[in-house]
Amino acid sequence: MTKKIKVKTTLVEMDGDEMTRIMWQMVKDKLLFPHLDMDIDYYDLHVKYRDDTDDKVTFDAARAIQKYGVGIKCATITPNEDRVKEYSLKKAWKSPNGTIRAILDGTVFRKPILVNNIKPSVSSWKKPITIGRHAYGDVYDNFEMNIEQAGKLEVVFTPANGGRPQTTLVKDFPSAGIVQINHNLEQSILSFAQACFTYALDEKIDVWFSTKDTISKKYDAGFRDIFDREFTKDWKDKFAKAGIEYFFTLIDDAVARIMKTEGGILWALKNYDGDVMSDMIASASGSLAMMTSVLVSPNGWFEYEAAHGTVQKHYYKHLKGEETSSNSMALIFAWTGGLRKRGELDGTPDVVRFADMLEKAALETIEAGIMTGDLLLLAKKKPSNRKVNTEGFIDAIAVTLKKILND
Ligand code: NAP
Ligand code: MG
């Protein structure tokens, strides 16, 4: 038995719900604990325990990430009315991701995991395209109104310091219509820019940022100017040293260029654009089970998770005793992402190396044709392809990992 690798600083672990909770335990037992000596600060975000603690456990977990710097999270149920009944909850608690994001003040980055036997739908994409989505304002926090008849719509801005209110005509409606008013905050846009530059520097990839600045000369151009100012002030030299670039371009141009790029970039997008484009990138790159997600806070805190949910349908099959073939790739990559970051922050290259080796083992397993049902449908057809069940997939990765580590 070789000596276990020591993870120097405590890791914050957040356990979750349903099928992902089952895979989470297997990943720890079969892929992590046999090789790592880790101190874990554990938070059980199982929906029932969140309910028992009046959701205090979620807040405690977020504060633990602030304390230690790196957290790794399993998927969790965001309760709706059905879930309140199913688990006899006191109420429909808020989304844990929303709560944690609000406390850490972060931006979410989503990046597909690519394997050589599943080709992205866009043939030029060779490396992953990461989406950095601003998670504040725009249509998600807007004002809307039905206009029933002809008339004037005006907005009034009243300064908080008692200055004179300013009235501006929005539209002189000739007849009935509809209205939408969006807003954003300079501080939020600045945090978004800082998170994107931090992420890109960390991953050593170029940043593209795109808005419709030619048409929206204050709002979208305002985003552009904040990014430009922040880049020139704090990042230009660091980017030059790392050999990476930042550029802004009109969103139409970015959309056209993205189809011709090799990938390997961070595409920063406003809230709505990021919402829509991340689904396009996920679908064109493969499946939801192959999409990683990390919350990067401008304060230097990191939270890693899978982009998918708790895979409820598979869990119900599992409860009935039926065999499942759920894919644990994104959960494994949440752990490797967190471990690699921990290793970098602690200056422990053997932990970074372990994260690299585990990812390599997982990728090689799929590339050897051993995969779960979701991937079998997408992979290049080969006689050696073999569908395995949930546990069989993790077992196969464990075998490959042992081989790689002993080489
Ligand atoms: P989901 O868990 O993402 O699953 C939707 C479908 O995608 C599954 O039924 C499955 O398709 C496929 N899928 C997703 N992950 C997979 C995996 N690892 N392996 C194989 N197939 C996978 O979304 P949902 O069922 O709509 O949501 C379930 C719960 O998750 C909800 O309570 C929601 O609140 C929560 N949720 C949590 C997070 C989070 O914590 N980050 C994110 C989203 C949703 P097939 O059934 O066709 O095989
Ligand atoms: Mg979307």
Side-chain angles (χ1 to χ4, degrees), residues 13-27 43-48 50-51 55 57-58 61-62 71-87 89 92-101 104 106 108-113 115 118 133 135 275 278-279 282-283 285-295 303-320 322-335 337-338 362 365-366 370-379 387-394 397:
E13 175 192 346
M14 289 154 282
D15 210 338
D17 289 301
E18 300 194 315
M19 202 61 207
T20 43
R21 187 182 181 94
I22 291 171
M23 291 193 269
W24 193 254
Q25 191 63 47
M26 290 178 188
V27 167
Y43 294 86
D44 190 356
L45 300 193
H46 187 282
V47 68
K48 198 65 194 151
R50 278 181 272 147
D51 193 58
D55 210 21
V57 64
T58 309
I72 304 169
K73 182 181 169 291
C74 183
T76 46
I77 289 172
T78 298
N80 54 17
E81 266 175 50
D82 291 343
R83 300 300 205 156
V84 170
K85 271 191 224 128
E86 183 181 356
Y87 287 92
L89 306 176
W93 301 101
K94 280 192 179 169
S95 147
N97 291 326
T99 300
I100 294 168
R101 205 173 300 157
L104 302 183
V108 175
F109 297 93
R110 298 210 150 161
K111 176 180 172 185
I113 303 164
V115 284
I118 298 175
R133 171 186 168 189
D275 183 353
S278 63
D279 288 307
S283 150
S285 308
S287 100
L288 209 52
M290 299 289 275
M291 185 65 107
T292 65
S293 182
V294 56
L295 177 74
E303 186 213 30
Y304 293 82
E305 63 165 355
H308 59 75
T310 60
V311 213
Q312 182 182 11
K313 279 194 215 139
H314 296 207
Y315 181 61
Y316 289 166
K317 273 176 81 180
H318 168 82
L319 287 182
K320 280 195 263 170
E322 292 170 28
E323 186 164 87
T324 57
S325 182
S326 315
N327 185 340
S328 46
M329 282 298 275
L331 294 177
I332 295 170
F333 274 63
W335 276 101
T365 302
I366 296 175
I370 302 171
M371 52 192 114
T372 45
D374 55 319
L375 297 186
L376 201 72
L377 296 170
L378 304 168
K387 178 178 164 179
V388 283
N389 65 24
T390 306
E391 187 162 16
F393 182 61
I394 296 170
I397 296 173

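As the structure lists them, so they are numbered: ligands from 1, and atoms in each ligand from 1.
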key: Note, Thr20 side chain near Tyr315 side chain (heavy atom, < 4.5 Å)   = no
Polar pairs, ligand 1 vs protein, N/O only, below 3.5 Å.
| from | atom 1 | to | atom 2 | distance (Å) |
| --- | --- | --- | --- | --- |
| ligand 1 | 2 (O) | Gly309 | N | 3.4 |
| ligand 1 | 2 (O) | Thr310 | N | 3.1 |
| ligand 1 | 2 (O) | Val311 | N | 2.7 |
| ligand 1 | 3 (O) | Gly309 | N | 2.8 |
| ligand 1 | 18 (N) | His308 | NE2 | 3.3 |
| ligand 1 | 18 (N) | Asn327 | O | 2.7 |
| ligand 1 | 19 (N) | Asn327 | N | 2.9 |
| ligand 1 | 30 (O) | Thr310 | N | 3.0 |
| ligand 1 | 30 (O) | Thr310 | OG1 | 3.3 |
| ligand 1 | 32 (O) | Arg83 | NH2 | 3.0 |
| ligand 1 | 34 (O) | Thr78 | N | 3.0 |
| ligand 1 | 40 (O) | Lys73 | NZ | 3.4 |
| ligand 1 | 40 (O) | Thr76 | N | 3.0 |
| ligand 1 | 40 (O) | Thr76 | O | 3.4 |
| ligand 1 | 40 (O) | Thr76 | OG1 | 3.4 |
| ligand 1 | 40 (O) | Asn97 | ND2 | 3.4 |
| ligand 1 | 41 (N) | Asn97 | ND2 | 3.0 |
| ligand 1 | 41 (N) | Glu305 | OE1 | 3.4 |
| ligand 1 | 48 (O) | His314 | NE2 | 2.8 |

task = Answer yes or no: is there an ion pair linking Arg50 with Asp17, defined by an N-O contact shorter than 4.0 Å?
result = yes
task = Could you tell me whether Arg21 and Asp44 make a salt bridge, using a distance below 4.0 angstrom between a side-chain N and a carboxylate O?
result = yes
remark   = The salt bridge (charged side-chain N to carboxylate O under 4.0 Å, His left out) partners of Glu303 (sequence neighbours excluded) come to none
inquiry  = Please verify the inter-ring angle class for Tyr87 with His46; under 30° counts as parallel, over 60° as perpendicular, anything in between as tilted.
reply    = perpendicular
ask   = Is it the case that Asn97 and Ser95 place a side-chain donor and acceptor less than 3.5 Å from each other?
value = no
